[in-house]
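All ligand and atom numbering here is 1-based and tracks the order in the structure. Fair warning: this is a prediction, and the values are worked out from it, not measured in the lab.
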Amino acid sequence: MPGCIFCDIVAGRIPATELYRDEDFLAFRDIDPQAPVHILLIPLRHIPGLSDLTPDDADLTGRLILTATGIAADQGLDDAGYRFVVNCGRQGGQAVDHLHLHILGGRQMQWPPG
Ligand code: AMP
């Protein structure tokens, strides 16, 4: 998608610290980490956000979560715990309109989130 920074990262036009890539997903370090571990997991395909998912994306959505739990385990977060965040829309705090799941860990999380 022209003008999408995460599509540019997928295509290698913008550099990122990639941690994982397969035929459907890419994980890379967040440029402005909010925790000792802060990774973004995105579908390679441009899906703007959660509310754009359709029933046809059910398998992809499930694998998004399972891929994220695998990355969290690889990062050694299983014992202490971690948090996934998916912001949706402006009031939900979404700044980049390419679906992404935040994997946050390495510190005590607070509730409620800001
Ligand atoms: P959100 O507010 O949920 O849309 O999150 C967008 C995230 O993308 C933020 O945590 C940003 O720090 C992160 N981000 C923006 N640009 C880049 C980039 N070029 N490389 C890595 N992370 C980025």
Side-chain angles (χ1 to χ4, degrees):
M1 178 64 68
C4 171
I5 56 172
F6 286 178
C7 284
D8 283 343
I9 287 174
V10 168
R13 290 187 290 269
I14 291 179
T17 306
E18 293 193 14
L19 300 174
Y20 176 86
R21 185 188 279 257
D22 65 20
E23 65 275 11
D24 289 313
F25 302 111
L26 171 66
F28 53 95
R29 292 204 186 279
D30 196 291
I31 202 169
D32 182 22
Q34 302 300 310
V37 176
H38 189 173
I39 295 163
L40 300 175
L41 178 63
I42 68 172
L44 301 185
R45 174 161 66 92
H46 183 85
I47 301 169
L50 276 181
S51 53
D52 298 291
L53 290 167
T54 73
D56 286 345
D57 297 315
D59 179 67
L60 185 85
T61 306
R63 286 186 291 109
L64 178 79
I65 298 292
L66 290 172
T67 302
T69 58
I71 291 169
D74 288 346
Q75 293 289 316
L77 297 175
D78 269 351
D79 285 347
Y82 53 86
R83 178 173 288 175
F84 291 167
V85 173
V86 183
N87 297 321
C88 183
R90 292 297 169 266
Q91 201 161 41
Q94 184 176 7
V96 177
D97 291 333
H98 182 132
L99 180 64
H100 51 282
L101 184 148
H102 298 255
I103 302 166
L104 295 148
R107 67 167 171 82
Q108 179 61 53
M109 299 296 156
Q110 306 298 320
W111 195 262

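Between Arg63 and Asp57, none of the side-chain N atoms (NZ, or NE/NH1/NH2) sits under 4.0 Å from a carboxylate O, so this pair counts as no salt bridge.
The CD1 atom of Ile9 sits 8.0 Å away from atom CG of Leu40, with the distance rounded to the nearest 0.5 Å.
Arg21 has its side chain within reach of Leu44: a pair of non-hydrogen atoms, C-beta onward, lies under 4.5 Å apart. Proximity of Phe84 to Ile103: side-chain heavy atoms (C-beta onward) are separated by under 4.5 Å at one or more points.
Contact shell of ligand 1 (protein heavy atoms, cutoff 4.0 Å): Ile5, Phe6, Ile9, Phe28, Arg29, Asp30, Ile31, Asp32, Leu40, Asn87, Gly93, Gln94, Ala95, Val96, His100, His102.
The stretch residues 100-113 participates, sequence neighbours left out, in these side chain to side chain donor-acceptor pair (under 3.5 Å) pairs: His38-His102.
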**Study point:** side chain to side chain contact (heavy atoms under 4.5 Å, CB included) evaluation trace for Leu60 with Phe25
**Key:** CA-CA 9 Å; Leu60 185 85; Phe25 302 111; 3.7 Å; yes

